[in-house]
Chemist: 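Sharing a structure here in structure tokens format.
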2 protein chains.
Amino acid sequence: MRKTMQNNNIKPTDSELEILQILWKSGYSTVKDVNDELNKLRSVGYTTTLKTMQIMFEKKLLGRERSGRSHTYVALIKENETKNMLLDKVLQTVFAGSASKLVMQALGQNKASKKEISEIKKFLNDLENEEV
Amino acid sequence: MRKTMQNNNIKPTDSELEILQILWKSGYSTVKDVNDELNKLRSVGYTTTLKTMQIMFEKKLLGRERSGRSHTYVALIKENETKNMLLDKVLQTVFAGSASKLVMQALGQNKASKKEISEIKKFLNDLENEEV
DNA sequence: ATCTATTTACGAAAGGTTTCGTAGTTAAGA
DNA sequence: TCTTAACTACGAAACCTTTCGTAAATAGAT
């Protein structure tokens, strides 16, 4: 059982998560880059995105480097660990720590296609086999 | 594919969720009842709980009835639908709508015991069979 | 060197959540 | 009836998140 260490344990807000998703996908990006991506989904002012990213930098969610007149930002927290943390919070607060309840709720409402379901079954088989 | 209707579409806050969990479990309760339960987990003042429940009443998350000098409260939103909604939010915002990604993340970190895993497998088989 | 567009920094407003103090109401008991 | 404990109502403080306007700095173009 591996111990997962993260740079910090700050929970990102919803807006911060949006930005993190973009940075995880795109890697190093300027505020303009991120704001452009964001505006494909919803309308946000440039300085709003800037401010949020500055706050995230202060919180050490993001790192940054000057490059010419602007900054280039990068996510400092790992996608996998962050998603795991967020899921864990729901697991604890909503499903009292029961992973199976959570999974069944997730799969019970036609949320998963046939293809996804067989993927999951395969995943479960592998999981059982590797746990010697 | 059934349409799930809920009295409202308000997303409960974290504190509200704590109270909902207690009411779902205990059924009709007074503020005192809820506050006592809450204080088994963490320290909260009586008027804090009262105020939160009053706000929840205004938001129509709770119903209430006078009984003697106090009120008796009850959850107006359904446990199942609410949990589903909260999970759905995570599904969309964190896992881009992919239920299988969510499930695999949930199961990949030793969060589920062997017993739970076989429960889930059974659940998946049933799911596949009933979808004719 | 000056202008201009880009970018940053800062502050603050607006809205929401959580917390609790205080004052008033209620009803039960002395 | 009067007192008191339990309960409610209300307001406001403290804090957080999201948003954007404004001013200053930067650097490239003329």
Side-chain angles (χ1 to χ4, degrees), chain A residues 8-23 28-74 77 82 86 89-90 93-94, chain B residues 8-23 28-74 77 82 86 89-90 93-94:
Chain A
N8 61 68
N9 52 1
I10 295 174
K11 192 198 166 215
T13 67
D14 288 347
S15 293
E16 288 171 349
L17 187 61
E18 276 187 325
I19 291 174
L20 283 171
Q21 305 264 26
I22 290 170
L23 287 173
Y28 289 84
S29 306
T30 62
V31 174
K32 186 174 188 309
D33 295 336
V34 172
N35 188 243
D36 287 351
E37 277 302 309
L38 229 38
N39 274 278
K40 289 180 185 170
L41 307 170
R42 64 188 183 91
S43 173
V44 202
Y46 179 87
T47 53
T48 301
T49 303
L50 171 68
K51 177 68 165 187
T52 306
M53 290 175 75
Q54 284 171 342
I55 291 170
M56 292 171 80
F57 173 70
E58 281 163 28
K59 289 184 183 173
K60 302 206 193 303
L61 292 174
L62 304 184
R64 75 182 186 188
E65 251 176 38
R66 266 228 118 83
S67 79
R69 86 188 83 187
S70 73
H71 284 122
T72 299
Y73 286 83
V74 65
I77 61 177
T82 304
L86 293 169
K89 212 213 154 195
V90 174
T93 60
V94 182
Chain B
N8 62 69
N9 53 1
I10 295 173
K11 193 197 166 215
T13 68
D14 288 347
S15 293
E16 288 172 349
L17 186 61
E18 276 186 325
I19 290 173
L20 283 170
Q21 303 265 26
I22 290 170
L23 286 174
Y28 290 83
S29 306
T30 63
V31 174
K32 187 173 187 309
D33 295 336
V34 172
N35 189 242
D36 286 351
E37 277 304 307
L38 229 39
N39 274 278
K40 289 180 185 170
L41 307 170
R42 64 188 183 91
S43 174
V44 202
Y46 179 87
T47 54
T48 301
T49 303
L50 170 68
K51 177 68 165 187
T52 306
M53 290 174 75
Q54 283 172 342
I55 291 170
M56 292 171 80
F57 173 70
E58 282 163 26
K59 290 184 184 175
K60 304 207 193 302
L61 292 174
L62 304 185
R64 76 181 186 189
E65 250 175 39
R66 268 228 117 84
S67 79
R69 84 189 84 187
S70 73
H71 284 121
T72 300
Y73 286 83
V74 65
I77 60 177
T82 305
L86 293 169
K89 213 212 153 195
V90 174
T93 61
V94 181

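Just so it is clear, the model here is predicted, and its values are computed rather than measured.
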Chemist: Does the side chain of B:Lys11 get closer than 4.0 angstrom to OP1 or OP2 of C:dT17 through an N or O atom?
Modeler: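 So the side-chain polar atoms of B:Lys11 never come under 4.0 Å of the phosphate oxygens OP1 or OP2 of C:dT17.
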Chemist: Within the 4.0 Å heavy-atom criterion, would you say A:Ser15 contacts the bases, only the backbone, or no part of the nucleic acid?
Modeler: sugar-phosphate
Chemist: Is A:Asp36 paired with A:Lys32 through a side-chain N to carboxylate O contact shorter than 4.0 Å?
Modeler: yes
Chemist: In whole Å, what is the span from the NZ atom of A:Lys59 to the C1' atom of D:dT18?
Modeler: 11 Å
Chemist: Between B:Thr52 and C:dT17, is there a contact of a side-chain N or O with OP1 or OP2 at under 4.0 Å?
Modeler: no
Chemist: Between A:Val31 and B:Ser43, who's closer to the 5' end of DNA chain C by nearest nucleotide?
Modeler: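 It is A:Val31, whose closest nucleotide lies nearer the 5' terminus.
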Chemist: Check this one for me: any side-chain N or O of B:Arg69 less than 4.0 Å away from OP1 or OP2 of C:dG29?
Modeler: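 No, no such contact exists.
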Chemist: Output the rounded distance in Å from CG (A:Leu50) to C1' (D:dG21).
Modeler: 13 Å
Chemist: Please check the phosphate of C:dT25 (OP1 and OP2 only) for any side-chain N or O of B:Arg66 closer than 4.0 Å.
Modeler: no
Chemist: Can a donor-acceptor pair be found, under 3.5 Å and without considering hydrogens, that links the side chain of A:Thr47 to the backbone of A:Leu50?
Modeler: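 No: the side chain of A:Thr47 does not pair with the backbone of A:Leu50.
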Chemist: Counting only side-chain N and O atoms of A:Thr47, is one of them less than 4.0 Å from OP1 or OP2 of D:dG21?
Modeler: no
Chemist: In whole Å, what is the span from the NZ atom of B:Lys51 to the P atom of C:dT17?
Modeler: 13 Å
Chemist: Do the side-chain N or O atoms of B:Lys32 get closer than 4.0 angstrom to the phosphate oxygens (OP1, OP2) of D:dT8?
Modeler: no
Chemist: Looking at A:Glu16 and A:Lys11, does any basic side-chain N land under 4.0 Å from a carboxylate oxygen?
Modeler: no
Chemist: Respond yes when some side-chain nitrogen or oxygen of B:Thr48 is under 4.0 Å from OP1 or OP2 of C:dT18, and no when none is.
Modeler: no
Chemist: Measure the distance from CD on A:Glu16 to C1' on D:dC16 and round it to the nearest whole Å.
Modeler: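 The answer, rounded to whole Å, is 11 Å.
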Chemist: B:Thr48 side chain to B:Val44 main-chain N or O, any donor-acceptor pair under 3.5 Å?
Modeler: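 Not a single qualifying donor-acceptor pair exists.
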Chemist: If you compare every side-chain N and O of B:Tyr46 against the phosphate oxygens of C:dT19 (OP1, OP2), does one of them come in below 4.0 Å?
Modeler: no
Chemist: Base, sugar-phosphate or nothing for B:Ser70? Non-hydrogen atoms, less than 4.0 Å.
Modeler: sugar-phosphate
Chemist: From CZ of B:Arg42 over to P of C:dC20, roughly how many Å is that when rounded to an integer?
Modeler: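 That distance rounds to 9 Å.
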Chemist: Rounded to whole Å, how long is the line connecting atom NE2 of B:His71 with atom P of C:dT26?
Modeler: 11 Å
Chemist: Atom CD1 of B:Ile55 to atom P of C:dG15: distance rounded to whole Å?
Modeler: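 My rounded result for the distance is 17 Å.
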Chemist: Has A:Gln54 got a side-chain N or O lying under 4.0 Å from the OP1 or OP2 atom of C:dA9?
Modeler: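 It does, given that an N or O in the side chain of A:Gln54 lies less than 4.0 Å from OP1 or OP2 of C:dA9.
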Chemist: Tell me whether the side-chain N/O atoms of B:Arg64 come closer than 4.0 Å to OP1 or OP2 in D:dA9.
Modeler: yes
Chemist: For B:Met53 and D:dC10, give me the distance from atom CE to atom C1', rounded to whole Å.
Modeler: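 Interatomic distance, CE of B:Met53 to C1' of D:dC10: 18 Å.
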Chemist: Spell out, as yes or no, whether a donor-acceptor pair under 3.5 Å connects the side chain of B:Asn35 to the backbone of B:Val31.
Modeler: no
Chemist: Between A:Thr30 and A:Ser70, is any side-chain donor less than 3.5 angstrom from a side-chain acceptor?
Modeler: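 No, because no side-chain N or O of A:Thr30 sits under 3.5 Å from a partner of the opposite role on A:Ser70.
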